[in-house]
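Let me begin by presenting the structure, written as structure tokens, before commenting on it.
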Amino acid sequence: MATTHYSLLLFTISLLFLQSLCIQTNQSTFISLIKQSLSGPFMSSWALPCSGDTCFCTFPGIGCDDNGIVFKLDLSSRSLAGEFPPGICSYLPKLRVLRLDHNDIRSGFPVDVLNCSFLEVLNMSCSGLTGTLPDFSPLQSLRSLDLSNNFFSGDFPLSITNLTNIEAINFNQNPGFRFWKLPEDITRLTKLKLLILSTSSMRGDIPPWVGNMTSLTDLELSGNLLTGSIPATLGKLHNLQFLEIYYNRLTGVIPEELGNLTKLIDIDLSGNELSGQIPEKLCELPELEVLQAYSNKLTGGIPQVLCNSTTLTILSIYRNSLSGQVPPELGKYSGLVVLELSENQFSGELPAETCAGGQLLYFLALGNFFSGSLPESLGYCRSLIRFRVNDNQLRGSVPESIFSLPHVSIIDLSFNLLQGSIPKSIAGAKNLSGLFLQNNQISGSLPIQISWASGLVKIDLSNNMLSGPIPAEISSLSKLNQLSLQGNMLDSPIPPSLSSLKSLNVLNLSNNLLTGEIPESLCDLLPNSLDFSNNRLSGPVPIPLLKEGLIESVSGNPSLCVPIHLNLTDHLLPLCPQPSLRKRLNNIWVIGLSIMLSMFGILLLAKRWIHKRNQEEEQDGISSSSSFSYDVTSFHKLSFDQHEIVEALIDKNIVGHGGSGTVYKIELSNGERVAVKKLWSRKVKDGSSDHLSFDRELRSEVETLGSIRHKNIVKLYCCFSSLDSNLLVYEYMPNGNLWDALHNEWSFLDWPARHRIALGIAQGLAYLHHDLLFPIVHRDIKTSNILLDASFEPKVADFGIAKVLQARDHDHDSTTTVIAGTYGYLAPEYAYTFKATTKCDVYSFGVVLMELITGKKPNEPEFGENRDIIRWVSSKIASREGETEVLDKRLSWSPFKDEMIQVLRIALRCTCSSPGLRPSMNEVVQLLIEADPFKSDSINSPSSKFKAKNPT
Ligand SMILES: *[C@@H]1O[C@H](CO)[C@@H](O)[C@H](O)[C@H]1NC(C)=O
Ligand SMILES: *[C@@H]1O[C@H](CO)[C@@H](O)[C@H](O)[C@H]1NC(C)=O
Ligand SMILES: *[C@@H]1O[C@H](CO)[C@@H](O)[C@H](O)[C@H]1NC(C)=O
Ligand SMILES: *[C@@H]1O[C@H](CO)[C@@H](O)[C@H](O)[C@H]1NC(C)=O
Ligand SMILES: *[C@@H]1O[C@H](CO)[C@@H](O)[C@H](O)[C@H]1NC(C)=O
């Protein structure tokens with residue numbers, strides 16, 4: 001009896017032993033399978049083959065139990081690429097934790113994972129996964145599922161409602177799902193603490209029964225298409241700490257019941273259409289650190305009780321219709337970090353205790369009706385980075401200590417009624433880059449110590465009461481890009497040293513009492529915008545200024561004269577008195593130059609006359625264009641004569657007609673070619689209703705393009721304007737636009753060329769978005785606005801509706817902007833916000849990328865009704881082998897399929913429906929560089945790929 005028992009026991013033990021031995025063998029097989037399938041430097045840390053049955057248990061990322069059975073595989077963030085091998089749970093049947101997140105697993109969801117019946121944690125976030133998702137019901141042990149930041153498509157996996165043990169679900173940023181609604185069955189998940197479904201194409205309303213999911217600590221549904229009001233039942237989620245429902249289309253009021261969420265730390269309701277007041281009870285919550293509700297339609301005031309908070313760090317409620325006085329003790333008991341009250345209708349005094357905690361970084365209250373004086377206390381707020389209270393009715397003296405805060409980067413007090421002076425202590429503002437005091441009543445003189453604030457990029461002190469000299473030391477501000485001192489009472493000579501400001505784009509000294517001559521050296525600053533008008537300057541105007549056509553900018557100085565006889569404009573200045581003999585001898589070169597110029601002038605006249613005659617013989621149109629009555633503004637050193645341009649505006653040079661005018665291609669006598677856009681102006685279009693927006697368009701283009709320089713942005717040489725038309729002279733782009741290059745039968749671009757074009761555009765846009773003090777949003781990025789130069793380098797053109805995000809983080813006049821952009825390239829949020837953000841450009845750029853990859857136009861009949869290139873691409877890649885199916889058929893031979901797919905993924909991110917999830921243009925540049933088809937460190941070097949495919 002005993003022996004049978006004994007042998008049975010022995011048998012069982014040996015069976016178990018065999019079984020585990022068997023498992024171990026299988027395990028090591030799979031470990032080496034992974035090593036073969038996924039590549040990356042990390043894999044060398046798996047020293048295979050190794051001796052001993054369970055030797056792999058010591059490898060990084062592998063966890064074994066005491067019997068050498070693998071229960072954990074954690075390869076997160078190991079920079080691995082490749083396909084995950086199939087069959088995982090036939091080899092690792094006891095797996096409980098699988099983390100493959102933050103790698104580049106180029107495949108669909110590894111469906112074999114469904115056999116891992118013990119699996120508790122599955123994290124495949126940010127892994128580049130595509131395709132549809134399976135039925136998750138078999139994973140009954142699952143506690144945590146993170147599939148965020150992938151490109152899944154098809155139906156959302158409602159089977160998650162069967163995972164009754166689950167505690168955390170994260171599908172954040174999977175914009176490719178078909179529209180879906182939250183199913184009521186999800187309330188069965190009674191252990192669920194974390195539910196993150198942001199940017200997952202969810203629509204419908206937030207159902208009231210969500211309030212039954214009382215285990216929730218974190219509910220995030222932002223960036224979807226949710227409508228309706230916020231259900232009051234959310235107030236039952238008594239464990240909730242994070243409620244993120246921003247960027248939806250929610251309406252109605254903020255339910256008072258949210259004030260029952262006593263554990264709430266962070267609530268963000270921004271970017272909806274919520275109305276009514278901020279509930280007082282919400283402001284009383286004891287743990288609340290972050291309260292954000294900007295860009296809604298909220299009214300009423302800030303509840304007094306918020307002042308008593310000891311936890312509040314971020315209050316961001318800009319762009320609403322909030323009014324009344326801001327409670328004076330706001331921030332007194334908490335370490336407030338961000339305060340954004342801009343663009344409301346607040347009145348009364350600015351709150352004075354906001355920096356009591358010594359942590360305040362942003363104080364933004366622009367565009368309200370604040371009155372009273374600036375709080376003295378802010379002058380001691382050493383943490384402050386941005387201080388913007390422009391466009392209010394503030395009075396009194398500016399506390400001097402504000403100017404010397406050590407970290408402050410932007411001080412914007414413009415458009416108020418402030419007094420006081422700029423103190424010497426400004427020398428201490430080592431991080432100050434923008435100082436905006438324009439349109440106040442600032443007096444006193446400009447201290448030379450301003451030149452010690454060496455980070456200054458923009459100084460606008462215009463329209464104040466400053467007096468005394470312009471300190472010559474300002475010339476040491478090497479980053480200075482704008483110096484606007486117009487409309488003051490400055491009364492010194494202009495310091496010649498200003499010529500050393502190499503980064504300057506704008507120098508406006510007009511409407512002061514400046515004396516002396518215009519220093520010749522300032523011509524070094526050309527062709528930038530210079531304005532010396534309406535001063536008391538005297539003596540000769542430097543000849544280069546005249547040649548640049550800047551006579552307008554010296555007008556209103558009765559004692560100025562021109563040293564030589566020139567007759568370029570109507571604004572004639574008197575000829576300078578004849579110089580004395582000594583001076584004449586000294587300046588003999590001036591005489592030489594004047595002779596040369598007069599001869600040139602005579603030649604021109606003669607040429608004009610002949611040309612005019614010819615023209616009259618050829619045709620009898622365009623008579624006004626040859627009488628030169630244009631004002632000239634130039635932005636680059638010009639190598640051509642302006643008359644030559646005007647005279648060449650004849651029919652045979654027309655290369656195209658645009659919405660607003662005619663485009664000419666002109667061959668100059670010096671052999672160069674330029675493109676000239678002739679826009680009819682108000683006088684001609686009078687009676688039509690669009691002249692206003694048209695003028696705005698012109699101004700926008702000139703102002704935007706004139707001030708920027710980048711190899712991927714088309715160069716605007718100069719602008720001539722007369723009563724009846726405006727001429728914009730651009731560099732000529734011999735290869736036309738990208739639309740034609742891509743979609744015309746006769747043209748063909750290979751992938752490396754397309755990649756180079758994509759990268760160039762991205763670099764141009766990144767410059768506009770990130771390298772300028774005030775970002776520029778182009779707003780109409782499309783292939784027909786991308787021009788190609790002789791070597792097919794792309795240049796972004798057509799800035800007619802571009803928008804400069806003028807020093808206003810939250811742009812003031814955005815509601816007045818015209819609806820702009822082009823169907824097929826328009827970001828979805830633009831349809832209801834009309835708000836120009838850099839992310840709108842990122843979206844349009846994503847569409848351009850898709851055109852480059854697929855060779856298709858943004859809207860093709862084959863996409864079917866209501867479907868654009870984005871939906872078409874998403875639906876294609878949802879199918880198996882789908883990614884390669886969308887690639888341009890004309891490139892089917894290309895050895896760069898992988899790189900194209902890499903760029904396709906960038907395009908998908910750029911066209912995310914939620915703006916917040918699109919990458920920045922800087923990021924896009926980085927990603928495109930990584931997708932370089934000739935990147936030397938790719939596994940198969942491209943040259944060998946080429947050879948394989950092209951034997952010749
Ligand atoms: C949940 O599991 C049951 C049983 O396996 C299945 O019939 C049902 O379809 C699943 N529910 C969903 C939404 O997938
Ligand atoms: C869930 O919530 C709804 C509406 O808020 C309520 O009518 C229902 O009784 C709740 N169900 C359970 C099981 O608590
Ligand atoms: C929640 O708040 C509402 C309104 O503020 C109140 O009437 C209700 O009694 C509260 N519910 C609970 C459960 O505390
Ligand atoms: C703030 O707290 C003080 C002291 O606890 C209390 O007296 C006062 O009523 C509170 N203020 C508001 C508006 O609740
Ligand atoms: C100068 O220009 C004006 C207007 O363009 C013209 O009327 C005048 O004849 C010109 N004078 C000379 C000397 O060319």
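Both ligands and their constituent atoms are indexed starting at 1 by order of listing. Computed from heavy atoms alone, side chains included, the values below leave out hydrogens, waters and symmetry copies.
- For ligand 1, the atoms lying closer than 4.0 Å to a non-hydrogen atom of Ser137 are 1 (C), 2 (O), 10 (C).
- One finds the OG atom of Ser125 at 8.5 Å from the CG atom of Leu147 (value rounded to the nearest 0.5 Å).
- Under the 4.0 angstrom criterion for non-hydrogen atoms, Pro208 is in contact with ligand 2.
- Remark: aromatic rings of Phe84 and Phe109 are distant, center separation not under 6.0 Å.
- In summary, Lys263 and Glu287 do not engage in a salt bridge, as defined by a charged side-chain N under 4.0 Å from a carboxylate O.
- With sequence neighbours excluded, no residue forms a disulfide (SG to SG under 2.5 Å) with Cys283.
- Checked for salt-bridge contact, Glu120 and Arg143 meet the test: a charged N lies under 4.0 Å from a carboxylate O.
- For ligand 2, the atoms sitting less than 4.0 Å from at least one non-hydrogen atom of Trp209 are 2 (O), numbered in the order shown with element in parentheses.
- Listed by atom number, the atoms of ligand 1 under 4.0 Å from Leu158 heavy atoms are 13 (C).
- Of the possible donor and acceptor atoms, none in the side chain of Asn170 sits under 3.5 Å from a partner among the backbone N and O of Leu197.
- Ser159 places no side-chain N or O within 3.5 Å of a backbone atom of Asp135 that could act as its donor or acceptor partner.
- No donor-acceptor distance shorter than 3.5 angstrom exists from the side chain of Ser229 to the backbone of Gly252, with no hydrogens or angles considered.
- Ordered by chain and residue number, the residues placing a heavy atom less than 4.0 Å from ligand 3 are Glu256, Glu257, Asn260, Lys281.
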